[in-house]
Amino acid sequence: MKAVQLEKPRSFRIIDTVEPAAPGPGEALVRIHRIGICGTDYSGYLGKMPFFSYPRIPGHELGIEVLAVGEGVAHVKQGDRGAVEPYLNCQQCYSCRRGHTNCCENHQTLGVMCDGGMRERMILPARKLHLSRKLTFDQLALVETLAIGCHAINRGNPRPGENVLVIGAGPIGLSVVEFARLIGARTLVMDMNDQRLDFVREEMGVPATILTKGDGGELARLAELTAGQLADVVVDATGSNKSMGQALNYCAFAGRLVYVGITTQEVTFPHAPIMHRRELTLLASRNALAPDFTRIIRLIEEGRIDTQPWITHHADFNGMIAAFPDWLKPETGVIKAMVSVE
Ligand SMILES: NC(=O)c1ccc[n+]([C@@H]2O[C@H](COP(=O)([O-])OP(=O)(O)OC[C@H]3O[C@@H](n4cnc5c(N)ncnc54)[C@H](O)[C@@H]3O)[C@@H](O)[C@H]2O)c1
Ligand SMILES: [Zn+2]
Ligand SMILES: [Zn+2]
């Protein structure tokens with residue numbers, strides 16, 4: 001059976017790997033049809049992802065078909081199609097017992113800390129499959145990216161009409177935009193890449209964008225666009241510690257700031273004049289929860305999330321290996337590349 005392995009940073013190869021055994025109790029044998037590529041894969045490829053180890057079969061954004069199920073699996077059957085919640089949790093730790101399955105103390109993300117779905121078939125816990133009869137494999141593989149934005153907005157919890165500023169218009173920032181909009185919040189997007197802001201205005205239909213030029217003019221522009229109130233909720237999806245420290249300045253009094261982007265650097269910010277004076281709430285956002293997957297599938301089925309602008313590139317295994325260095329460059333215009341398993 002064919003698989004793609006990231007042998008070491010910057011080196012993919014196609015390998016022959018063993019067929020999975022029959023599914024055990026609670027498990028499903030699935031055929032992988034589609035794999036979405038995301039920032040985590042790009043960082044893993046560049047050797048910049050702290051949780052990534054090598055060699056690794058990547059792939060955590062999956063559109064699958066069920067081939068067989070093991071004992072005790074009732075909600076999934078052969079022929080079903082679904083998205084995969086790729087966050088493997090232990091079901092025993094303090095987080096899991098309280099329902100915080102997204103931040104299990106023994107968490108493993110498929111394709112990051114253990115082998116993922118860039119292969120023809122694999123065994124998965126059946127409880128991690130979220131089914132749909134309507135969605136295409138491309139759409140199913142997009143659900144996980146959307147789940148990250150869904151969870152971030154759940155953390156920030158904006159109310160209708162509030163100003164939500166999303167900093168960083170990469171796929172994660174765009175997924176945040178989808179859910180801010182659904183709530184009826186007024187969404188503004190900031191980025192230092194003009195091409196990405198063009199995409200936000202033209203493809204996502206969000207008119208209020210702010211270009212970060214590094215000259216400090218962003219705050220004035222935000223104030224102008226929000227009648228001086230600034231943003232009730234700011235979601236930083238840049239992964240830049242500089243931006244994350246700066247982001248507090250964009251919060252309204254009593255505002256909430258969500259860090260959905262990830263940095264390994266220190267984040268510093270002014271306490272007394274901003275954090276304290278405005279009584280801000282700072283929130284992290286990691287992964288997503290099972291109900292987020294169910295909700296997103298329903299939203300796409302109902303046409304309330306349009307996946308059409310999202311998927312910009314397609315390739316098979318060989319095509320992906322050849323195109324990968326290009327997909328790393330924002331000027332290629334990649335939002336979401338989908339890999340098909342032929
Ligand atoms: N919370 C989670 O569970 C989770 C899951 C997946 C990814 N992530 C993280 O989300 C972040 C974003 O991922 P992505 O795939 O969208 O990345 P991306 O690199 O495609 O997008 C980041 C965007 O931020 C912009 N940006 C960077 N620095 C900036 C600055 N100082 N000011 C303004 N804009 C700036 C870039 O121009 C880019 O458009 C990453 O840190 C990633 O690791 C988090
Ligand atoms: Zn991802
Ligand atoms: Zn756990």
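Just so you know, ligand 1 is whichever comes first in the structure, and atom 1 is the first atom listed for that ligand.
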Visitor: Would you say the side chain of Phe253 lies within less than 4.5 Å of the side chain of Leu230, judging by non-hydrogen atoms?
Guide: no
Visitor: So if I count the atoms of ligand 1 from 1 in the order they appear, which ones are less than 4.0 Å from some heavy atom of Ser240?
Guide: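 It comes down to these atoms of ligand 1: 28 (N), 31 (N).
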Visitor: Nearest 0.5 Å, what's the CG-CD1 distance between Leu62 and Ile32?
Guide: 5.0 Å
Visitor: In Å, rounded to the nearest 0.5 Å, how long is the span from CG of Asp138 to CH2 of Trp310?
Guide: 13.5 Å
Visitor: Considering only heavy atoms, which of Ile172, Ile210, Val258, Leu174 lies nearest to atom 6 (C) of ligand 1?
Guide: Ile172
Visitor: Atoms of ligand 1 less than 4.0 Å from Ile148 heavy atoms?
Guide: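 What qualifies from ligand 1 is 2 (C), 3 (O), 4 (C), 5 (C).
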Visitor: Show the atoms of ligand 1 that are less than 4.0 angstrom away from any heavy atom in Gly261.
Guide: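 Those of ligand 1 that fall under 4.0 Å from Gly261 are 9 (C), 10 (O), 11 (C), 41 (O).
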Visitor: Indicate yes or no: at least one non-hydrogen side-chain atom of Leu165 is less than 4.5 angstrom from one of Met190.
Guide: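 Yes, at least one pair of side-chain atoms sits under 4.5 Å.
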Visitor: Mind reading off the angle at the Zn ion (ligand 3) between the SG atom of Cys104 and the SG atom of Cys90, rounded to 10°?
Guide: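 With the Zn ion (ligand 3) as the vertex, SG (Cys104) and SG (Cys90) sit 100° apart.
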Visitor: Can you tell me which residue and heavy atom of the protein come closest to atom 23 (C) of ligand 1, and the distance to 0.1 Å?
Guide: Asp191 OD2, 3.6 Å
Visitor: When you compare the side chain of Glu85 with that of Leu129, does any pair of heavy atoms fall below 4.5 Å?
Guide: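 Sidechains of Glu85 and Leu129: no contact.
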Visitor: Short list, please: which atoms of ligand 1 are under 4.0 Å from a heavy atom of Asn287?
Guide: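 Counting from 1, the qualifying ligand atoms are 2 (C), 3 (O).
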Visitor: Find the distance between CD1 (Ile35) and CD1 (Ile64) and round it off to the nearest 0.5 Å.
Guide: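 Separation between the atoms: 12.0 Å.
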Visitor: Given Glu120 and Arg31, is the salt bridge (charged side-chain N to carboxylate O under 4.0 Å, His left out) satisfied, shown in steps?
Guide: CA-CA 6 Å; Glu120 294 178 63; Arg31 175 169 172 214; over 6 Å; no
Visitor: What residue and atom, counting heavy atoms only, is the protein's closest point to atom 24 (O) of ligand 1, and at what distance?
Guide: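 Here the nearest protein heavy atom works out to Gly168 CA, 3.4 Å.
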Visitor: What angle, to the nearest 10°, do the atoms NE2 (His60) and SG (Cys38) form about the Zn ion (ligand 2)?
Guide: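 Result: 100°, to 10°.
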Visitor: Give, for atom NE2 of His313 and atom CG of Asp326, the distance between the pair rounded to the nearest 0.5 Å.
Guide: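 Taking NE2 in His313 and CG in Asp326, the distance rounds to 8.5 Å.
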Visitor: Which residue and non-hydrogen atom of the protein lie closest to atom 34 (N) of ligand 1, and at what distance in Å?
Guide: Met192 N, 3.4 Å
Visitor: Tell me whether the NZ or CZ atom of Arg295 lies within the 45° cone about the ring axis of Phe293 and under 6.0 Å from its centre.
Guide: no
Visitor: With a 3.5 Å cut-off and no angle check, do the side chains of Ser243 and Asp236 form a donor-acceptor pair?
Guide: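 Indeed, the side chains of Ser243 and Asp236 share at least one donor-acceptor pair under 3.5 Å.
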Visitor: To the nearest 0.1 Å, how far is atom 42 (C) of ligand 1 from its closest protein heavy atom, and which atom is that?
Guide: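 Checked against all protein heavy atoms, atom 42 (C) of ligand 1 sits closest to Ile262 N, 4.4 Å.
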Visitor: For atom 35 (C) of ligand 1, what is the nearest protein heavy atom, given as residue, atom name and distance?
Guide: Thr238 CG2, 3.5 Å
Visitor: Out of Gly173, Gly245, Ser285, whose heavy atom sits nearest atom 1 (N) of ligand 1?
Guide: Ser285
Visitor: So for ligand 1, is Ile167 a polar contact partner (N or O within less than 3.5 Å, distance only)?
Guide: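 No; the residue has no nitrogen or oxygen that sits under 3.5 Å from a nitrogen or oxygen of the ligand.
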Visitor: Among Ala284, Gly170, Ala237, Gly239, which one puts a heavy atom closest to atom 12 (C) of ligand 1?
Guide: Ala237
Visitor: To the nearest 0.5 Å, what is the distance between CD on Gln91 and SG on Cys104?
Guide: 9.0 Å
Visitor: Is Glu27 close to Val69 at the side-chain level, that is, under 4.5 Å between some pair of heavy atoms?
Guide: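 SC-SC contact between Val69 and Glu27 ruled out.
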Visitor: How about Phe324 and Asp41: do any of their side-chain heavy atoms sit closer than 4.5 Å?
Guide: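 Result yes, sub-4.5 Å side-chain heavy-atom pair found.
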Visitor: What is the closest protein heavy atom to atom 19 (O) of ligand 1, and at what distance does it sit?
Guide: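 Result for atom 19 (O) of ligand 1: Arg196 NH1, 4.4 Å.
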Visitor: Which of the numbered atoms in ligand 1 are below 4.0 angstrom from a heavy atom of Ser243?
Guide: 30 (C), 31 (N)
Visitor: Indicate if the distance from the Zn ion (ligand 3) to the nearest N, O or S atom of Cys96 falls below 2.8 Å.
Guide: yes
Visitor: Of all N, O or S atoms in Glu61, identify the one at the shortest distance from the Zn ion (ligand 2).
Guide: OE2
Visitor: Is atom 17 (O) of ligand 1 less than 4.0 angstrom from some protein heavy atom?
Guide: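 There is no protein heavy atom less than 4.0 Å from atom 17 (O) of ligand 1.
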Visitor: Under 4.0 Å from any heavy atom of Val260, which atoms of ligand 1 are there?
Guide: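 That gives atoms 1 (N), 2 (C), 4 (C), 8 (N), 9 (C), 10 (O), 44 (C) of ligand 1.
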